[in-house]
Trainee: 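Before I ask anything, here is the structure I am working with.
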Protein chains: 2
Amino acid sequence: MKTIPEACCTLDLSSSEQEMLLGMFKALSNPVRLEILKFLITHPGCITGNIVDHLPVAQSTVSQHLKVLRDSGWIQGTTKGPATCYCLDEEKIAWFKRKIGEIFLL
Amino acid sequence: MKTIPEACCTLDLSSSEQEMLLGMFKALSNPVRLEILKFLITHPGCITGNIVDHLPVAQSTVSQHLKVLRDSGWIQGTTKGPATCYCLDEEKIAWFKRKIGEIFLL
DNA sequence: CTGCTAAATCGGACTTATACGATATAATGG
DNA sequence: CCATTATATCGTATAAGTCCGATTTAGCAG
């Protein structure tokens, strides 16, 4: 027999927060993007070309992945002449960690 | 000119840990699965049918998503008669939070 | 303005993920 | 053993993601 259990607690997460979270999870659901993020953790301020040299994929592919990481909030890119310099987006990452902590109060 | 910056730090993450992390990110990269997880946070111990009633998708689809969430480590299912009772996998979630903290030491 | 370097975007083949209905499995009650 | 209830799995159509080479955009030096 199906008995719907009572909610044991509430969970407030606005739809924009949920969308943000979903985007951040989606961005890191790809092994190449996780590798790029790992590389940027140990090599902050790298340019696209450094990342291309470090990975076995084409330049255009890396560029697409960087866009996903930028759009989702994990990294920030700043133009330095003809190159683009990438760093972690510390504010968004701190937000992510905080939200995960709030959602999973174990 | 491309100058490869020095690594500013190390990041030790075994390949099995990385795979685990990737699987957990991948699992929550889908809006239906995020919704299921949210429901299980507020309604621990629900059975599949409760989740099916709560979402606008077919039973077979929910069952597939539950499998992904189980395989990735977010939830645990225990058989209770003909039904399956789902809860968060607190140990794995704690591991996830810890790893995220270790990786992003901001 | 021209040439050079770095990165981004486009177009397309190919792979993977998601959804559904139909069917199979599994426990329980009569 | 048969019917019922609850899930899980299968087959498959459609949608989304990934990759590459080719091209475009953008900054800078001469």
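Naming: A, B, ... by sequence-line order, numbering from 1 per chain. Since we're looking at a predicted model, the values are computed, not measured.
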Trainee: Using a 3.5 Å distance criterion without hydrogens, assess whether the side chain of N50(A) forms a donor-acceptor pair with backbone atoms of I47(A).
Mentor: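 The answer is yes, because a donor-acceptor pair under 3.5 Å joins these two groups.
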
Trainee: Starting the side chain at C-beta, find the nucleotide from dA19(C), dA8(C), dT5(D) nearest to P82(B).
Mentor: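 Comparing dA19(C), dA8(C), dT5(D) against the side chain of P82(B), the answer is dT5(D).
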
Trainee: Do the side-chain N or O atoms of T48(A) get closer than 4.0 angstrom to the phosphate oxygens (OP1, OP2) of dA8(C)?
Mentor: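 The answer is yes; a side-chain N or O of T48(A) sits under 4.0 Å from OP1 or OP2.
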
Trainee: Between R33(B) and dA17(C), does any side-chain N or O lie under 4.0 Å from OP1 or OP2?
Mentor: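 The answer is no; no side-chain N or O of R33(B) sits under 4.0 Å from OP1 or OP2.
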
Trainee: Answer yes or no: does a side-chain N or O of K26(A) lie under 4.0 Å from OP1 or OP2 of dG17(D)?
Mentor: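 It does, given that an N or O in the side chain of K26(A) lies less than 4.0 Å from OP1 or OP2 of dG17(D).
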
Trainee: Quickly work out the D53(A) CG to dA7(C) C1' distance and round it to whole Å.
Mentor: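 My rounded result for the distance is 13 Å.
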
Trainee: Can you tell me the distance, in whole Å, between the CG atom of L55(B) and the C1' atom of dC20(C)?
Mentor: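 So the CG-C1' distance, L55(B) to dC20(C), works out to 15 Å.
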
Trainee: Can you tell me the distance, in whole Å, between the CD1 atom of I47(A) and the P atom of dG27(D)?
Mentor: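 Interatomic distance, CD1 of I47(A) to P of dG27(D): 16 Å.
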
Trainee: Is the phosphate of dA8(C) approached by T84(A) (side-chain N or O, under 4.0 Å from OP1 or OP2)?
Mentor: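 For T84(A), the contact criterion (side-chain N or O under 4.0 Å from OP1 or OP2 of dA8(C)) is met.
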
Trainee: Calculate the interatomic distance between N50(A) atom CG and dT5(C) atom P; express it in whole Å.
Mentor: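 Spelled out: CG on N50(A) to P on dT5(C) is 17 Å.
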
Trainee: Are any of H65(A)'s side-chain N or O atoms less than 4.0 Å away from OP1 or OP2 of dC19(D)?
Mentor: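 For H65(A), the contact criterion (side-chain N or O under 4.0 Å from OP1 or OP2 of dC19(D)) is met.
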
Trainee: Mapping L66(B) and G81(A) onto DNA chain D by nearest heavy atom, which one lands closer to the 5' end?
Mentor: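 Closer to the 5' end of DNA chain D: L66(B).
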
Trainee: If you measure only the distance, is there a donor-acceptor pair under 3.5 Å linking the side chains of E90(A) and Q76(A)?
Mentor: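 Distance-only check fails for E90(A) and Q76(A).
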
Trainee: Is the phosphate of dA17(C), meaning OP1 or OP2, less than 4.0 Å from a side-chain N or O of N30(B)?
Mentor: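 No, no such contact exists.
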
Trainee: State yes or no: are the ring centers of F25(A) and F96(A) separated by less than 6.0 Å?
Mentor: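 Centroid separation for F25(A) and F96(A): below 6.0 Å.
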
Trainee: Quick check on the 6.0 Å ring-centre criterion: do W74(A) and F104(B) meet it?
Mentor: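 Yes - the distance between ring centres of W74(A) and F104(B) falls below the 6.0 Å cut-off.
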
Trainee: Using a 4.0 Å heavy-atom cut-off across all strands, classify V52(A) as base, sugar-phosphate, or nothing.
Mentor: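 Nothing: the residue V52(A), judged by heavy atoms under 4.0 Å, touches no strand.
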
Trainee: Find which nucleotide of DNA chain C each of K67(A) and A83(A) is nearest to by heavy atoms, and output the residue with the more 5' nucleotide.
Mentor: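 With K67(A) and A83(A) compared, the 5'-side residue is A83(A).
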
Trainee: Grab the CD-C1' distance between Q64(A) and dG21(D) for me, whole Å please.
Mentor: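 These atoms are roughly 12 Å apart.
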
Trainee: Side chain of S63(A): nearest nucleotide among dT7(D), dA7(C), dG21(C)?
Mentor: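 Of all the options, the side chain of S63(A) is nearest to dA7(C).
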
Trainee: Does V62(A) reach a base, just sugar-phosphate, or nothing at all? Heavy atoms under 4.0 Å.
Mentor: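 Nothing: the residue V62(A), judged by heavy atoms under 4.0 Å, touches no strand.
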
Trainee: Given dC20(C), dC20(D), dA7(C), which nucleotide is nearest the side-chain atoms of V57(A)?
Mentor: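 When the side chain of V57(A) is considered, dC20(D) is the closest of dC20(C), dC20(D), dA7(C).
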
Trainee: Is T61(B) close enough to dC20(C) that one of its side-chain N or O atoms is under 4.0 Å from OP1 or OP2 there?
Mentor: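 Checking dC20(C) against T61(B), a side-chain N or O does come within under 4.0 Å of OP1 or OP2.
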
Trainee: Can you tell me the distance, in whole Å, between the CZ atom of F25(B) and the C1' atom of dG17(D)?
Mentor: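 So the two atoms are 18 Å apart, to the nearest Å.
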
Trainee: With no angle test and no hydrogens, is the base of dA8(C) tied to the side chain of Q59(A) by a donor-acceptor pair under 3.5 Å?
Mentor: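 Indeed there is one.
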
Trainee: Using only side-chain N and O atoms of Y86(A), determine if any of them is under 4.0 Å from OP1 or OP2 of dA6(C).
Mentor: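 Negative; the distance criterion is not met.
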
Trainee: For residues C85(A) and G45(A), report the shortest heavy-atom separation together with the two atoms involved.
Mentor: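 The answer is SG-O, 3.1 Å.
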
Trainee: Tell me if a side-chain donor or acceptor on R33(B) pairs with a main-chain N or O of A27(B) at a distance below 3.5 Å.
Mentor: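 Judged by distance alone, yes, a pair lies under 3.5 Å.
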
